[in-house]
Structures are given as structure tokens and as C-alpha cells.
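Single-structure report; data block below.
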Amino acid sequence: QADVSKREDVKKLFAASKEAFGPTDILVNNAGLYQGAPIEQVDEAHIDAHFNLNVKGLLFATQEAVSQMNGRGGNIINISSIVAF
């Protein structure tokens, strides 16, 4: 388990996965957050929560996966939701 919005959590998660299963060869980015709110109620904390999980989390996980793939190749799958539309 890890909070993918935190780089150190992601590093620990991938290290544990590598120890248990070997290097990463596939990553499915499926974590996401959407908390709808009227624009007047959207504050900095609201924006940060969305950005941290939806953007930073995806990037941190992808960086770690690519690092473990180390030029061997692999697959990265990014999943979205109906909110993207």
C-alpha cells in the first residue's frame, strides 16, 4: 500500500514489489480523484488534492516503472474515467 502522490511512498512500493516479484514489466495507473464542487468552493487544498494524485501520482509511478524496466521494455497503461469527457 502506498500514497502514490508521495514520491517516497512510490519508491518503497516499487522496491517491495521488485523484491517480491522481480522488476516491473507492466504498470497500470488507475488511481484517481474527482471531487466535484461549485467553482466558488474550489480552494487551493481542493486543487492540490486533485493535482497531487491525478498528475504527480501518475508521474511518480511511471518514473519508477521506467527505472525498473531499464531499457528492457514493458507496458504502461493509463486508465481514465468518464470524468475525462
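Owing to the predicted nature of the structure, the values given are computational and were not obtained by experimental measurement. Heads up: numbering here begins at 1 and tracks the sequence.
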What distance separates [X] [atom1] from [Y] [atom2], expressed to the nearest 0.5 Å?
| X | Y | atom1 | atom2 | result |
| --- | --- | --- | --- | --- |
| Asn52 | Ile47 | CG | CD1 | 11.5 Å |
| Asn29 | Ser80 | CG | OG | 11.5 Å |
| Lys12 | Lys6 | NZ | NZ | 10.0 Å |
| Gln63 | Lys56 | CD | NZ | 11.5 Å |
| Phe51 | Ser5 | CZ | OG | 11.5 Å |
| Asn78 | Thr62 | CG | OG1 | 5.5 Å |

Hey, are the side chains of [X] and [Y] touching, using non-hydrogen atoms and a 4.5 Å cut-off?
| X | Y | result |
| --- | --- | --- |
| Val66 | Ile76 | yes |
| His46 | Asp43 | yes |
| Asp9 | Val4 | no |
| Leu13 | Glu64 | no |

> Can you tell me if Asn75 uses its side chain to pair, donor with acceptor, with the backbone of Ile26 under 3.5 Å?
Replying inline: no
> Any sub-3.5 Å donor-acceptor pair from Gln68's side-chain atoms to Lys18's backbone N or O?
Replying inline: no
>> Same cluster or not: Phe14 versus Val28, using hydrophobic residues (I, L, V, M, F, W, Y) connected whenever any side-chain heavy atoms lie under 4.5 Å apart?
In response: no
Grab the two heavy atoms, one from [X] and one from [Y], that are nearest each other, plus how far apart they are.
| X | Y | value |
| --- | --- | --- |
| Ala65 | Leu27 | CB-CD2, 3.8 Å |
| Leu53 | Leu33 | CD2-CB, 3.6 Å |
| Thr24 | Arg72 | O-NH2, 2.8 Å |

